Amino acid sequence: MGRFYVTTPIYYVNDAPHIGHAYSTVIADALARWHRLVGDETHFLTGTDEHGLKVQRAAEERGLTPKEMADQTSERFKDAWRLLDISYDDFIRTTEPRHYAATQQWLQKVYDNGDIELGTYEGLYCVSCEAYYTEGDLVNGNCPIHGRPVELVKEDNYFFKLSRYQQRLLDWYESHPDFVLPEGKRNEALGIIRQGLQDFSISRTSISWGVPIPWDPKHVTYVWYDALINYATAVGYGSDPERFATWWPAAHHIIGKDILRFHCVYWPAMLMAAGIDPPQHVYVHGYLLIGGEKMSKTKLNQIAPADLVADFGVDGFRYHFLRDTPFGPDGEFSYEGMVARYNADLANNLGNLLSRVATVVDKKCGGVGPAPSADSPLAAAAATASHAAAAGWAAVQPHEALDATWRLIREANAHLEAHEPWKMEPGPALEAVLGDALEVLRIVALLASPAVPAAAAEIWRRIGLPGRPEDQRLPAGAAWGGYPGGLPVEKGAPLFPRK
RNA sequence: GGCGGCGUAGCUCAGUUGGUCAGAGCACACGGCUCAUAAUCGUGUGGUCGUCGGUUCGAGUCCGACCGCCGCUACCA
């Protein structure tokens, strides 16, 4: 029993949900589901990041106010997460009053501590990037990314004194070796810190779409600074200290490597400046590559999650990203690979196991599922799978957890081949074989439920079990012998039709 | 330029501190089975572990150089 507070990044509302967003979110969801299953008190946060010049500009182009724009896009994210069975407990929007209140309290606190100071920033600014460039960055005098002219901008900004935190960050990394995982990403973060840290501007006077700086309201908080604070806002920072104390620092951030700098360098320093410990873990995953190339928003070679869900179902979608893309390194995404994985693992191994067992139970046992045998050779395989799956989820390695679960499915298929229950006469021996197979299905439904919740619930229902897999508590619930027998087993349409 | 990282069977990838480490799944071939979603089970083909050197009794596993790919390089959700 423990506490598990897991977050996705909050997604920027100038962009529609794509499979990159979905990838991070499905991982966080599966982890949340696993932790609920093992009885941890779990809180799962996602949301949208709604400030900044790009949102303001995107809204203007559509003839909307920034808030209207944010309202629309955040709804699209919620729709996407409904489609993908994302079981978030809270969806935060940075335009909510709670977040304004928390951000302003945070700013005031850090300002009072002396780590925010007024300075001047002058530079060549690309509004599309919302970033400054040096002369050397420019291509023909234009923004290197957008190819559009940059503007010479000079403004008074408040700066966060990040430079004061270099040593404290290094000390923190030293004393918390698993702060950033996997290790390669931790090294990248350390590399950034060791290169030296500069203060960074956290306010803008050039735009109005943001959280006003409390002591100087003509300034608005720079979008990145307020965005990170969402993780604290959502569990009560600035409004409910007791609640905040229960969830922080038990926080686990799931992020992509593109935002490593912000989460592994700026954010812990920001927390320290506010007198708060950094989160427990930051888990950094790689990019999804298509044809060896990064999925890029600007290149727009993206695929709508809804299209893939239409082809493979929610669980087909979720399973693919959890099983086929090891957490950490970049992973290759391909439609062909997705078909292959779907057919091999979901249709052939799991779906077909359910089908064949249900059919034989129907023919040989009148559709009533018998109980497993206490000394089944599958019991050891099930225990092994349970332990390995638990280890995989605990280490945020979903592909390992699922690989272990599928080894058990293969064992069950082999066990059926070895005993050929379809040839056996009714009796205890037959019942033992089928009971064992049903018990494997029950355990697999539990172990796989974080990844494929809908399919797990359907397996649970078809083998006659009451309630839902989510109601069980592991590891006890996955112990061998839980299937009681005497339950109606339903033959149904293929759980995962082959593609 | 500086600092990460990566390059292992056709494909996607595992390979702690050097000594069954040459592996898994998929694909492919052959065989078995027919309960099942042309599914399943068994067996097998397949890699000089990017290249060249070095350390070592012994190196995907350490060191150096090189080739190829990629990320970050200091406010780019």
Side-chain angles (χ1 to χ4, degrees), chain A residues 9-15 21 48-52 54-55 121 123 125-126 128-134 137 143-146 157 159-160 162-163 184-185 187-192 194-202 204 222-225 227-228 255-262 265-266 286-287 289 292-294 297-298 323-326 329-334 336-337 340-341 343-349 351-364 399-400 403 406-407 410 412-418 420-424 434 491 493-499:
Chain A
I10 51 174
Y11 303 112
Y12 204 52
V13 293
N14 73 335
D15 190 26
H21 300 122
T48 42
D49 181 14
E50 309 189 350
H51 293 304
K54 268 188 282 189
V55 170
Y121 197 92
Y125 190 77
C126 170
S128 295
C129 298
E130 216 170 291
Y132 287 96
Y133 287 99
T134 64
D137 293 331
C143 162
I145 292 175
H146 297 85
N157 284 176
F159 282 77
F160 172 58
L162 180 67
S163 56
K185 297 298 189 287
N187 290 337
E188 283 190 35
L190 277 170
I192 291 170
R194 290 194 180 114
Q195 284 179 46
L197 300 175
Q198 282 197 349
D199 301 339
F200 68 93
S201 154
I202 62 161
R204 295 286 186 274
Y222 174 57
V223 58
W224 254 112
Y225 193 84
L228 287 162
I255 65 164
K257 69 180 184 182
D258 53 323
I259 51 178
L260 181 148
R261 168 186 301 279
F262 297 95
V265 182
Y266 297 176
Y287 291 138
L289 307 177
E293 288 198 359
K294 174 188 171 185
K297 279 182 283 191
T298 40
R323 173 63 185 84
D324 245 357
T325 313
D330 291 347
E332 190 72 36
F333 170 86
S334 77
E336 295 71 22
R341 180 64 75 180
N343 282 335
D345 287 8
L346 295 179
N348 296 352
N349 283 326
N352 184 56
L353 175 63
L354 177 65
S355 290
R356 65 196 308 207
V357 170
T359 298
V360 180
V361 168
D362 182 59
K363 287 184 178 174
K364 296 283 183 176
H399 72 291
E400 289 182 5
D403 188 51
W406 257 255
R407 281 198 292 273
R410 288 193 199 93
N413 274 318
H415 189 249
L416 290 176
E417 291 296 326
E420 303 185 303
W422 44 89
K423 287 182 177 174
M424 297 168 74
L434 292 175
K491 282 177 66 177
L495 199 56
F496 297 102
R498 275 183 62 88
K499 299 300 170 189

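These numbers come from a predicted model, not from an experiment. When reading the values below, keep in mind they use all heavy atoms of this one structure, side chains included, and skip hydrogens, waters and symmetry mates. First the proteins, then the strands, lettered A, B, ... as listed; each starts at 1.
- Across B:rG4 and B:rG71, the matching C1' atoms stand 7 Å from one another, rounded to whole Å.
- Look at the P atom in both B:rA27 and B:rA22: the space between them is 26 Å, to the nearest Å.
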Please list, pair by pair, any protein nitrogen or oxygen found under 3.5 Å from a nitrogen or oxygen in nucleotides 40-46 of chain B.
from   : atom 1 : to     : atom 2 : distance (Å)
B:rU40 : O2'    : A:R356 : NH1    : 3.0
B:rU40 : O2'    : A:E417 : OE2    : 2.9
B:rU40 : O2     : A:E417 : OE2    : 3.2

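- In this structure, A:K491 contributes its side chain and A:S355 its backbone to no donor-acceptor pair below 3.5 Å.
- Counting any heavy atom pair closer than 4.0 Å across all strands shown, A:Y225 reaches no nucleic acid atom.
- Between A:N187 atom CG and B:rG5 atom P there is a gap of 6 Å when expressed in whole angstrom units.
- Checked by atom type and distance alone, the side chain of A:N348 pairs as donor or acceptor with a backbone atom of A:N343 at under 3.5 Å.
- Nucleotide B:rC76 holds its C1' atom 11 Å from the CZ atom of A:R204, rounded to whole Å.
- Look at CD on A:E420: it is 14 Å from P on B:rA36, rounded to the nearest Å.
- Rounding to whole angstrom units, CD1 of residue A:I259 and P of B:rG71 are separated by 17 Å.
- If you check every strand for non-hydrogen atoms under 4.0 Å, A:K364 touches nothing.
- Both A:P494 and A:D345 sit near RNA chain B, but only A:D345 has its closest nucleotide nearer the 5' end.
- Across all strands shown, A:L190 has no heavy atoms under 4.0 Å from either base or sugar-phosphate atoms.
- In this structure, NZ of A:K185 is placed 8 Å from C1' of B:rG5, rounded to the nearest angstrom.
- Here, B:rA24 and B:rG44 have their C1' atoms 16 Å apart, quoted to the whole Å.
- You'll find the side chain of A:T48 stays beyond 4.5 Å of the side chain of A:I10, heavy atoms only.
- Base orientation at B:rG71 is anti, since its O4'-C1' glycosidic dihedral falls outside 90° of 0.
- With both ends at atom P, the span from B:rU61 to B:rU8 equals 13 Å, rounded to whole Å.
- Contact annotation: A:K423 side-chain N/O to B:rU34 OP1/OP2 distance is under 4.0 Å.
- Among the heavy atoms of the strands lying under 4.0 Å from A:G351 is at least one base atom, whether or not backbone atoms are also near.
- Without hydrogens or angle criteria, A:W406 side chain to A:D345 main chain gives a donor-acceptor distance under 3.5 Å.
- Between the P atoms of B:rA36 and B:rC30, the separation comes to 25 Å (whole Å).
- Atom name P, nucleotides B:rC63 and B:rC6: the rounded distance is 12 Å, in whole Å.
- With values rounded to the nearest 0.5 angstrom, A:R194 atom CZ is found 8.0 Å from A:N187 atom CG.
- A:S201 comes within 4.0 angstrom of a nucleotide base, judged by non-hydrogen atoms across all strands.
- Taking the O4'-C1'-N9-C4 or O4'-C1'-N1-C2 dihedral as appropriate, B:rG64 has a value more than 90° from 0 and is therefore anti.
- A donor-acceptor distance shorter than 3.5 angstrom exists from the side chain of A:D199 to the backbone of A:L162, with no hydrogens or angles considered.
- The nearest whole Å value for the distance from the CH2 atom in A:W406 to the P atom in B:rC26 is 13 Å.
- The aromatic rings of A:F200 and A:Y266 lie parallel to each other, with less than 30° between the two planes, well short of the 60° mark.
- Side-chain atoms of A:S355 lie closest to B:rA36 of the nucleotides B:rC76, B:rG25, B:rA36.
- Here the side chains of A:L260 and A:I192 are in contact, with some heavy-atom distance below 4.5 Å.
- Comparing the same atom, C1', in B:rC3 and in B:rU45 gives a spacing of 44 Å after rounding to whole Å.
- Between the CD atom of A:E400 and the P atom of B:rG25 there is a distance of 16 Å, given to the nearest Å.
- A distance-only check finds no donor-acceptor pair linking the side chain of A:N349 to the backbone of A:R410 [under 3.5 Å].
- With salt bridges taken as basic N to acidic carboxylate O contacts below 4.0 Å, none links A:E336 and A:R341.
- Here the separation of B:rC67 from B:rU51, taken at their P atoms, is 15 Å to the nearest Å.
- Atom C1' of nucleotide B:rC26 and atom NZ of A:K499 are separated by 19 Å, given to the nearest angstrom.
- Residue A:L495 is in base contact, counting any heavy-atom pair closer than 4.0 Å across all strands shown.
- Taking a pair as Watson-Crick or G-U wobble with both distances under 3.5 Å, the runs of three or more consecutive pairs in RNA chain B are B:1-3 with B:71-73, B:5-7 with B:67-69, B:10-13 with B:23-26, B:28-32 with B:40-44, B:50-54 with B:62-66.
- Side-chain contact check for A:V223 versus A:V55: every heavy-atom pair is 4.5 Å or farther apart.
- The aromatic rings of A:Y225 and A:F160 sit tilted, their planes meeting at an angle between 30° and 60°.
- A sub-4.0 Å separation between OP1 or OP2 of B:rA39 and a side-chain N or O of A:R498 is present.
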